[in-house]
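Following: one structure in structure tokens, then a few remarks.
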Amino acid sequence: MVQAINRALRTAMAADPEVLLLGEDIGVNGGVFRATEGLLKEFGSERVIDTPLSETGIIGTAIGMALYGLKPVAEIQFLDFIYPGFDQIVSELAKFRYRSGGQYPCHVVIRSPYGGGIKGGLYHSQSTEVYFTHTAGLKVVVPSTPADAQGLLLSAIFDPDPVMFLEPKRIYRAVTGEVPEGDHRVPIGKARNVREGHDVSVFAYGAMIPPATDACQSLEAEGISAELIDLRTLSPLDTSAVLGSVEKTGRAVVVHEAARFCGYGAEIAAVLAEKAFYSLKAPVARVTGFDTPFPYALENLYLPNAARIREAIVATVKAA
Amino acid sequence: MPLLVSGPVATSTLATEIAPEDLPSIYRAMVVARALDERCLTMQRQGRIGFYVPVMGQEAAQVACAWALEAKDWIFPAYRELGLALVRGVTPEELLDQFFGNAADRLKGRQMPNHYGYRDRNFVSPSSPIGTQITQAVGAAMAARRRNDPIVTIPFFGDGATSSNDFHAGLNFAGVFRTPTIFFCQNNGWAISLPRSRQTAAKTLAEKGAAYGVPGVVVDGNDVHQVFRTVRGARARAIAGDGPTLIEAQVYRLGPHSTSDDPRRYRTDAELAEWKQRDPIGRLKHELVDAGQWSEERDSQLLEEVRADIAGAVQRSESVGAADPLSFLDDVYATRSPALEEQRQQLEGWIQTGLVKL
């Protein structure tokens, strides 16, 4: 997946001289996860900018560049470190178009690796996507396959709105797959049907797609047909995909590694309660992380796995 | 006569001193700012506008600074920059439309008074959080240089903002990347209730630049000549590729922080009286009178004319209808998301049935 991200950046930069990258260690070092490997050599230090260590500096200057008309792609090394730039994201980036009455669109892409499963402990593992989905004006995208990473990132870079592009770092290298050639874009705002089914709908995204896929597949032998939807874009939510699936299956399980309370699953459950209540045969189940900080040595207990997802699916199907 | 304040004519080689014939226009801009301030403070007390941030005391610094810039330079204002806006050709009527948040307001009634922005005047839309425009101005300068546009960007901020994250990050980035940026700090002595001495132990704010490799200059912000000269110098340096400058213009906020503030709680009448003696408008007036460019008669005429023009602008602006009620659901994104489309329809229904009112 990380190679697909690299390819998307290269494709966008080759196509449009106004696309440029900025962040910490992205130039000479090629990024701590190597997402920007080789780009400094190919595009030069005016377009691949190694910045001082300051998230508010990176995001604030990226906003200034976007106001001026460039298409900056900022890398925040870990989502856990984004908070010094949070003011710039929620008070500035998300609101520029709105507060100026439409005079100042502000299309910055912020790429940031996020999530657990890499022995990163409290500060290299968090999954805090809902801070951003709760902010009007931002789009929030999470790919789960190399092809989607490439296609969604290309869409994000040429999108008129600011995009938080959250990269599940646990599957940077763990998930491989074919990637189309060239400027092949995947639309923002559209969920992907990973596998069709008719007994239960499983909604997941990012690094939860592989264990959710395993869980769904393993249940086939037991006669449970689970549909798996990769949400891909968390904001704006593809509501019709969510409702369409549950109207068909009548059951729903939501999976995310982020904490449970006020997590993204709460929104899915609420949408289903409001708009698909009479299609539901069973309560909506959530398979999530815990309402704790992220534990280093015990992370495998914290993160949802295929067995937990499987159990929740079985319980939901057996409930009614 | 329209209340447009005419700006300086751009020339290829910019003079380092204010052209004497420009001084009456500079003075006029300062008088317009003061008169509009006074009128708006009154209207706020009358409940006709919800809030107001006066600029009084800082007119010379702002007008002279804006005069020294070119129209293509990008201003990143805070919310106390009336003098700048007037020099950029924003009319009192446009400003009033924003204060009323009416249908003619370019911001569509979304922002509190004084948070105006005008893309066609290179006057960026500000927010309320302190200092955030500083890093943005540095980014815009990097972008301008990438496009080979010979312009400067200039963030405006107060003494309080020099304690903010973005002041630090902005000066640091500007120093590292040698951006064509002029950091214009109006040190008006007070960040709401906190005196300058509580903001930093440094002797001046300008000296903070040294740590970032950015030259810092202190100027008397009530002296239009010193401000103009310093900004022109910093601009020339920036355009030549010699990097950013931090200017600390020492001024005094003669009014409250905003209409929600009562400065008598934290500063003395004696201090205020002392600074009133140094009022930049009185100072420039005396200079003009001494130079034979102005007289008491012309002054009263000007004041009368300006007040009448503002009264007319108030009348016109106040008679404009309210902002389109459904418009607050626009411009969140380039196009409305399905959720916003649904919420818009819901609101429309509620308005029709009278469930919600303006």
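Quick caveat, the model's predicted, so the values are computed rather than measured.
- The two residues A:T51 and B:F177 have their closest heavy-atom pair at CA-CZ, 4.2 Å.
- Looking only at side-chain heavy atoms (C-beta outward), A:R99 and B:S127 come within less than 4.5 Å of each other.
- In B:K72, the NZ atom is crowded: over 12 heavy atoms of neighbouring residues, nucleotides or ligands sit closer than 6.0 Å.
- Residue B:F123 touches chain A through its backbone alone, counting heavy-atom pairs closer than 4.5 Å.
- Side-chain contact check for B:M142 versus A:E46: every heavy-atom pair is 4.5 Å or farther apart.
- Chain A is approached within less than 4.5 Å, heavy atom to heavy atom, by B:R110, B:Q111 from residues 109-116 of chain B, ordered by number.
- Remark: A:R97 CZ to B:D331 CG distance equals 7.0 Å, nearest 0.5 Å.
- Put simply, the side chain of A:Q88 reaches to within 4.5 Å of the side chain of B:Q136, judged on heavy atoms.
- Counting only heavy atoms from C-beta outward, the side chains of B:P338 and A:T239 never approach each other to under 4.5 Å.
- Atom NZ of A:K248 is surrounded by more than 12 heavy atoms from other residues, nucleotides or ligands within 6.0 Å.
- Heavy atoms closer than 4.5 Å to chain B are found in the backbone of A:L138, but not in its side chain.
- Top candidate by heavy-atom pairs under 4.5 Å with chain A, chosen from B:A339, B:A137, B:A144, B:A141, is B:A144.
- Note that OG1 of A:T61 is 13.5 Å distant from CD1 of B:I134, once rounded to the nearest 0.5 Å.
- One finds the CG atom of A:D87 at 7.0 Å from the CG atom of B:D166 (value rounded to the nearest 0.5 Å).
- Proximity to chain B (any heavy atom under 4.5 Å) is shown, for A:P52, by both the backbone and the side chain.
- Remark: B:L358 CG is loosely packed, at most 12 non-hydrogen atoms of other residues, nucleotides or ligands lying under 6.0 Å away.
- Environment of OH in A:Y131: sparse, with no more than 12 heavy atoms of neighbouring residues, nucleotides or ligands closer than 6.0 Å.
- Comparing A:P160, A:G102, A:P84 by heavy-atom pairs within less than 4.5 Å of chain B, the highest count is held by A:G102.
- Only the side chain of B:I151 has a heavy atom closer than 4.5 Å to any heavy atom of chain A.
- Looking at heavy atoms from C-beta onward, B:T153 lies out of side-chain contact with A:Y68 at the 4.5 angstrom threshold.
- Contacts between A:P17 and chain B at a heavy-atom distance below 4.5 Å involve backbone atoms as well as side-chain atoms.
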Discussion item. Run the side-chain hydrogen bond (donor to acceptor under 3.5 Å, both in side chains) test on B:S125 and A:Q103 for me, step by step, so that the C-alpha distance in whole Å, both residues' side-chain angles and the decisive distance to 0.1 Å come before the verdict.
Written reply: CA-CA 8 Å; B:S125 173; A:Q103 296 179 88; over 6 Å; no
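- For a residue to count as touching a neighbouring chain, one of its non-hydrogen atoms must lie under 4.5 Å from one of that chain's; by this rule A:S240 does not touch chain B.
- Heavy-atom pairs under 4.5 Å with chain B were tallied for A:I59, A:I58, A:T56; the largest tally goes to A:T56.
- Nearest heavy-atom pair, A:Y98 versus B:F328, reported as atom, atom and distance to 0.1 Å: OH-O, 2.7 Å.
- Across A:G137, A:P236, A:S100, the residue that shares the most heavy-atom pairs under 4.5 angstrom with chain B is A:G137.
- The nearest pair of heavy atoms linking B:R119 to A:P105 is NH1-CD, 4.0 Å.
- Contacts of B:R145 with chain A are absent, with no heavy-atom separation under 4.5 Å from either backbone or side chain.
- For the options B:A143, B:A169, B:S337, heavy-atom pairs under 4.5 Å to chain A are most numerous at B:A143.
- Nearest heavy atom pair, residue B:F76 against residue A:L67, reads CE2-CD1, 3.9 Å.
- Atom OH of A:Y123 sits in a sparse spot, with 12 or fewer heavy atoms from other residues, nucleotides or ligands closer than 6.0 Å.
- Chain A forms more heavy-atom pairs under 4.5 Å with one residue of B:N165, B:L340, B:V124 than with any other, namely B:V124.
- Looking at A:A136, both its backbone and its side chain come within 4.5 Å of chain B, counting heavy atoms on both sides.
- Looking at B:V332, both its backbone and its side chain come within 4.5 Å of chain A, counting heavy atoms on both sides.
- With a 4.5 angstrom heavy-atom cutoff, B:D330 touches chain A only via backbone atoms.
- Within the 4.5 angstrom heavy-atom criterion, no atom of A:E55 approaches chain B.
- Per-residue heavy-atom pair counts under 4.5 Å with chain B were compared for A:I49, A:L70, A:I63, and the maximum is reached by A:L70.
- Counting only heavy atoms from C-beta outward, the side chains of A:R47 and B:R146 approach each other to under 4.5 Å.
- With a 4.5 Å cut-off on non-hydrogen atoms, B:Q98 does not touch chain A at all.
- At distances below 3.5 Å, not a single donor-acceptor pair connects side-chain atoms of A:D161 with backbone N or O atoms of B:Y333.
- Both the backbone and the side chain of A:K139 come within contact range of chain B, each with at least one heavy atom under 4.5 Å from a heavy atom of that chain.
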